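To start, the structure itself, in structure tokens.
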Amino acid sequence: MAAAAGDVCGSPAGAQPGAAAEARFISSAKGKGLFATRSIRKGETVFVERPVVASQFLWNALYNYRACDHCLRALETAEENAQRLLGKSSLVLPHPEQCSIRKDLHQQCPRCQVTYCSAECRQAALEQYHQVLCLGPSRDDPTHPLNKLQEAWRNMHYPPETSSIMLMARMVATVKQAKDKDWWIKAFSQFCSKTANEEEEIAHKLLGDKFKGQLELLRLLFTETLYDEHLSRWFTPEGFRSLFALVGTNGQGIGTSSLSQWVHACDALDLPMLQREELDAFIDQLYKDIEKESGEFLNCEGSGLYVLQSCCNHSCIPNAETSFPDNNFLLHLTALEDIEAGEEICISYLDCCQRERSRHSRNKILRENYLFTCSCPKCLAQADDPDATSDEEEEGEGETDDAELEDEMTDV
């Protein structure tokens, strides 16, 4: 269920002009949905959207997944990326000219040395939120309030990560820096409207069983670091829970990878058959070796808030999917099948494996993480199936954790 999103025309974020979809109000229970304004063909890009705000995950950054501090573009070359993931500094990638990383364009904040992929990103961050959040010479000072807040979050929210306290911090900093504070407050508040009980459920999923004590500690540190009278409600216990509900139900996972970009570029090369077979075999073996060394953590990962994407409702048989082919936070929504004008555009909040599970199992995940029961055509067709799972599925359900908040939306 997509939370209602406000009209943010004129925002520095949003979809590119001429998008083939628009948000429409459906009902008070379901909020808004996204609908095609014209016929859309399978494989067509429905829209490309910038986030209102985005942030890299804290553990991801700590483990040296180097990304632009604003747009999350991977900063390592493809070869450096592969060497780190493989733990092998001697690795040499063929066709290095297919790597798109431009280190000569990288810039740092002169005060705190966080790195950006370009002067444009450094300036954009400075104008929106970085003036408030810049640590200056205190970047490595563990007693600085912002560093204490980040350390507390890391100690509560271990990988696999699904959100970041810094996404919420950037929301506050954006309002603090804005000339029109009320406009931004309205834009953020319209992403989500949840009851207290639902807010607690989301907080529970993000922080674990002992979330109440953890949440209060985070709130106190958040207040010490960022309090602003224009946002006083966000610093109350109820308001702080609402921030968690907002990012928990609307936050979109973002994944970037210079290695993935290099692979896509190599796939497009026009090579003789033998060279193509050799290159494909090299890439296949490289990914197998990386999986043994680094597991599933291949990308620079973070999350963001997207106005149009947040209006996309869920379906277990989606007709669209999101991806990040530009190696930054620009979200592409692509049609998985032909979509007619007036038809609702739906994505899946579940990954491929979860979508193949029983209706009971799918809805258990959706209720726990997104607070709704699915009524898509697939679920309706399986309505008479027993509300029980096989022993094998029940074992899988017992292992449900934060990882199931993630899906293929972080594909790059």
Side-chain angles (χ1 to χ4, degrees), residues 40-46 48 60 63-68 71-106 117-118 160 253-302 318-338 347-348 351-356 406-412:
I40 302 169
R41 301 279 72 87
K42 178 179 179 180
E44 183 179 344
T45 299
V46 183
V48 179
N60 191 262
Y63 280 122
N64 205 29
Y65 287 73
R66 297 182 57 239
C68 174
C71 78
L72 273 70
R73 181 183 299 276
L75 298 178
E76 296 174 302
T77 65
E79 187 168 275
E80 290 171 338
N81 191 187
Q83 289 173 345
R84 177 175 54 79
L85 292 173
L86 194 58
K88 187 177 179 181
S89 60
S90 60
L91 175 72
V92 176
L93 292 184
H95 302 286
E97 75 283 354
Q98 298 303 315
C99 177
S100 61
I101 300 303
R102 291 283 307 278
K103 287 195 168 186
D104 57 309
L105 298 179
H106 294 179
C117 68
S118 65
I254 301 169
T256 64
S257 168
S258 52
L259 178 60
S260 175
Q261 293 286 302
W262 173 82
V263 170
H264 288 316
C266 286
D267 287 342
L269 289 174
D270 185 13
L271 299 173
M273 182 178 295
L274 182 58
Q275 290 184 33
R276 167 56 59 191
E277 291 175 352
E278 290 176 347
L279 181 57
D280 289 347
F282 173 85
I283 292 172
D284 288 344
Q285 188 60 49
L286 176 64
Y287 272 111
K288 289 178 183 178
D289 293 341
I290 287 176
E291 184 177 6
K292 292 178 183 178
E293 181 70 23
S294 299
E296 63 186 56
F297 300 105
L298 302 184
N299 299 333
C300 297
E301 294 185 340
N319 56 11
E321 67 178 359
T322 59
S323 63
F324 299 88
D326 297 323
N327 192 31
N328 60 17
F329 62 18
L330 287 178
L331 179 149
H332 290 236
L333 186 74
T334 306
L336 293 173
E337 58 187 54
D338 290 348
I347 59 177
S348 178
D351 65 29
C352 295
C353 293
Q354 291 166 348
R355 290 202 298 271
E356 294 306 313
E406 295 289 353
D407 59 16
E408 68 268 35
M409 295 178 187
T410 56
D411 287 349
V412 294

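On a predicted model such as this, the values are computed, not experimentally measured, just so you know.
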Of all the heavy-atom pairs spanning [X] and [Y], show the shortest one and how long it is.
X    : Y    : value
C68  : L75  : N-CG, 3.6 Å
C266 : I283 : CB-CD1, 4.3 Å
D326 : H332 : OD2-NE2, 2.6 Å
L271 : L279 : CD1-CD2, 3.7 Å
Q354 : D351 : N-OD1, 2.7 Å

Return the set of residues passing side chain to side chain contact (heavy atoms under 4.5 Å, CB included) with E293 (not counting sequence neighbours), or none when no residue passes.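 Scan of E293 (side chain to side chain contact (heavy atoms under 4.5 Å, CB included), adjacent residues dropped) gives none.
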Across all chains, not counting sequence neighbours, the side chain to side chain contact (heavy atoms under 4.5 Å, CB included) partners of E291 are none
Verify, without hydrogens or angle tests, whether [X] (side chain) and [Y] (backbone) share a donor-acceptor contact under 3.5 angstrom.
X    : Y    : result
N81  : L259 : yes
N327 : R73  : no
E278 : M273 : no
E80  : T77  : yes
N60  : F297 : no
N328 : C71  : no
S258 : A74  : no
S348 : P318 : no
R276 : L269 : yes

How many angstroms lie between atom [atom1] of [X] and atom [atom2] of [Y], to the nearest 0.5 angstrom?
X    : Y    : atom1 : atom2 : result
I347 : T334 : CD1   : OG1   : 11.5 Å
T256 : L298 : OG1   : CG    : 11.5 Å
D338 : N319 : CG    : CG    : 10.5 Å
S294 : K292 : OG    : NZ    : 13.0 Å
L72  : F329 : CG    : CZ    : 8.0 Å
S89  : E79  : OG    : CD    : 10.5 Å

Lys/Arg cation over aromatic Y65: R84, 6.0 Å, 45° cone: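 Positive - R84 is close enough to the ring of Y65 and near enough to its axis.
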Applying side-chain contact (heavy atoms from CB on, under 4.5 Å), run through L331 and F324 and close with a yes or a no. CA-CA 5 Å; L331 179 149; F324 299 88; 3.8 Å; yes
Has [X] got more than 12 heavy atoms of other residues, nucleotides or ligands less than 6.0 Å from its [atom1]?
X    : atom1 : answer
K103 : NZ    : yes
D104 : CG    : yes
F282 : CZ    : yes

Donor-acceptor contacts, no H, no angles, side chain residues 90-98, under 3.5 Å, sequence neighbours left out:
unit_1: H95; atom_1: ND1; unit_2: E97; atom_2: OE2; d: 3.3

Checking C117 against L105 for the side-chain contact (heavy atoms from CB on, under 4.5 Å) test, could you report, in this order, the C-alpha distance in whole Å, the side-chain angles of both residues, the deciding distance, and whether it holds? CA-CA 6 Å; C117 68; L105 298 179; over 6 Å; no
